[in-house]
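A short write-up of the structure that comes next.
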Amino acid sequence: MDSSAWIDNYLQGVAQLVAMLPVEQIEAAADVLLDVWRRQAGVYVCGNGGSAAIASHFAGDLNKGANVAGRRRFRAIALVDNVPALMAWSNDDGYEAGLVEQLRNFVQPDDLVIGVSGSGNSVNVLAAMRLARQAGARTLALCGFDGGQLRQLSEVAVHIPSHNMEQVEDAFSVVCHALLHTLRRRIRQEPLSAIPLLASQVDAYQEQD
């Protein structure tokens, strides 16, 4: 088999996986995120490896890409972005502590903690999700493979039923952008912010619908 066939097979696999994405689960995730936005609660996102990059990307998208003129903004933090804190906790107390100990500084009841894990069994992500539940925060998971423990720990889970890690991560990216796409449209239907100074001045994207 030559390279073009391998590429074609991969792309076909991604297309099939995206076509089967669980719309009801994604809609439930959008409902949770909109509820958190309405209450001005915090959003904390975490993951490892490629999932860490997705966590960072999604937090950035929520903070900027979800902006709608005249409406307040999300308050999202990717726990993976504070590299010194992540390394200090991991070095001093073990890898499992790197995310959860950062979260302990911030999490409040009714905040949202999002765990991203291809396997669904990343020990540091699971530790953060357990703390979130104990603190009374809401929990949302993006998970692949069989969902792992992460799926069971989460109030809402978007499960990608594939054991191909690269394609699972591709699907995670599509899910995050689908969430962003619908959140902007739903936020546009919400009342204007009572504090104009802290509201977005312009839409993140010019859209026709």
Side-chain angles (χ1 to χ4, degrees), residues 17-18 20-37 39 41-62 66 74-81 86 95-100 102-104 106-183:
L17 199 58
V18 169
M20 295 186 300
L21 284 175
V23 174
E24 290 184 0
Q25 293 176 15
I26 298 171
E27 186 176 19
D31 289 343
V32 171
L33 282 157
L34 185 62
D35 174 67
V36 169
W37 176 86
R39 292 184 289 98
V43 180
Y44 304 96
V45 199
C46 58
N48 294 285
S51 295
I54 289 166
S56 183
H57 187 156
F58 191 44
D61 274 349
L62 289 175
F74 274 98
R75 298 170 51 241
I77 294 174
L79 297 175
V80 299
D81 286 347
L86 181 63
Y95 191 74
E96 184 174 338
L99 300 171
V100 67
Q102 289 187 71
L103 185 62
R104 207 181 302 275
F106 300 107
V107 69
Q108 297 289 322
D110 296 325
D111 284 345
L112 174 64
V113 179
I114 304 175
V116 186
S117 173
S119 70
N121 289 314
S122 302
V123 294
N124 54 355
V125 174
L126 295 177
M129 298 297 272
R130 291 188 183 101
L131 175 67
R133 288 164 59 97
Q134 293 165 357
R138 305 193 71 178
T139 52
L140 168 63
L142 303 183
C143 51
F145 293 24
D146 65 359
Q149 296 179 58
L150 182 59
R151 187 179 187 184
Q152 305 305 317
L153 281 172
S154 302
E155 173 187 348
V156 173
V158 180
H159 176 220
I160 311 300
S162 169
H163 283 74
N164 183 310
M165 183 63 80
E166 292 91 348
Q167 293 181 359
V168 167
E169 291 178 355
D170 291 336
F172 284 166
S173 293
V174 173
V175 168
C176 289
H177 286 153
L179 287 169
L180 195 69
H181 180 85
T182 190
L183 283 168

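Computed from a predicted model, the values in this text were never measured in an experiment.
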Could you tell me the separation between the [atom1] atom of [X] and the [atom2] atom of [Y], rounded to the nearest 0.5 Å?
X	Y	atom1	atom2	result
L142	E169	CG	CD	11.5 Å
N124	L99	CG	CG	4.5 Å
C176	H181	SG	NE2	15.0 Å
L131	L126	CG	CG	13.0 Å
L21	I26	CG	CD1	5.0 Å
Y44	L112	OH	CG	10.5 Å

Salt bridge (Lys or Arg N to Asp or Glu O under 4.0 Å) contacts in which one or both residues fall within residues 24-34, not counting sequence neighbours:
D31-R186

For D170 and L17, run side-chain contact (heavy atoms from CB on, under 4.5 Å): C-alpha distance rounded to whole Å, both residues' side-chain angles, the deciding distance at 0.1 Å, then the answer.
CA-CA 9 Å; D170 291 336; L17 199 58; over 6 Å; no

For [X] versus [Y], what's the shortest heavy-atom pair and its separation?
X	Y	value
A59	A76	O-CB, 3.9 Å
Q25	H159	OE1-N, 2.8 Å
D110	A41	O-CB, 3.5 Å
L153	M129	CD1-CB, 4.3 Å
T139	A132	CG2-CB, 3.8 Å
E96	V123	CG-O, 3.7 Å

For side-chain contact (heavy atoms from CB on, under 4.5 Å), just list the numbers for L62 and L183, CA-CA rounded to whole Å, side-chain angles, deciding distance to a tenth of an Å, and then say yes or no.
CA-CA 9 Å; L62 289 175; L183 283 168; 4.0 Å; yes

Set of residues satisfying side chain to side chain donor-acceptor pair (under 3.5 Å) with respect to D146, sequence neighbours excluded:
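D146 satisfies side chain to side chain donor-acceptor pair (under 3.5 Å) with no residue once adjacent residues are dropped.
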
Side chains of [X] and [Y] in contact at under 4.5 Å (non-hydrogen atoms):
X	Y	result
V116	F58	no
C46	L103	no
I77	Q102	no
L86	D81	no
T182	L34	no
I160	V175	yes

Please evaluate residues S117 and N48 with respect to the criterion side-chain contact (heavy atoms from CB on, under 4.5 Å), reporting the C-alpha separation (whole Å), side-chain torsions for both, the decisive distance (0.1 Å), and the verdict.
CA-CA 7 Å; S117 173; N48 294 285; over 6 Å; no

For W37 and F74, take the angle between the two ring planes, folded into 0 to 90°, and tell me which bin it lands in: parallel under 30, tilted 30 to 60, perpendicular over 60.
tilted

Test H177 against D61 for side-chain contact (heavy atoms from CB on, under 4.5 Å), laying out the working first.
CA-CA 8 Å; H177 286 153; D61 274 349; 3.4 Å; yes

Does R151 reach the main-chain N or O of A157 with its side chain, forming a donor-acceptor pair under 3.5 Å?
no

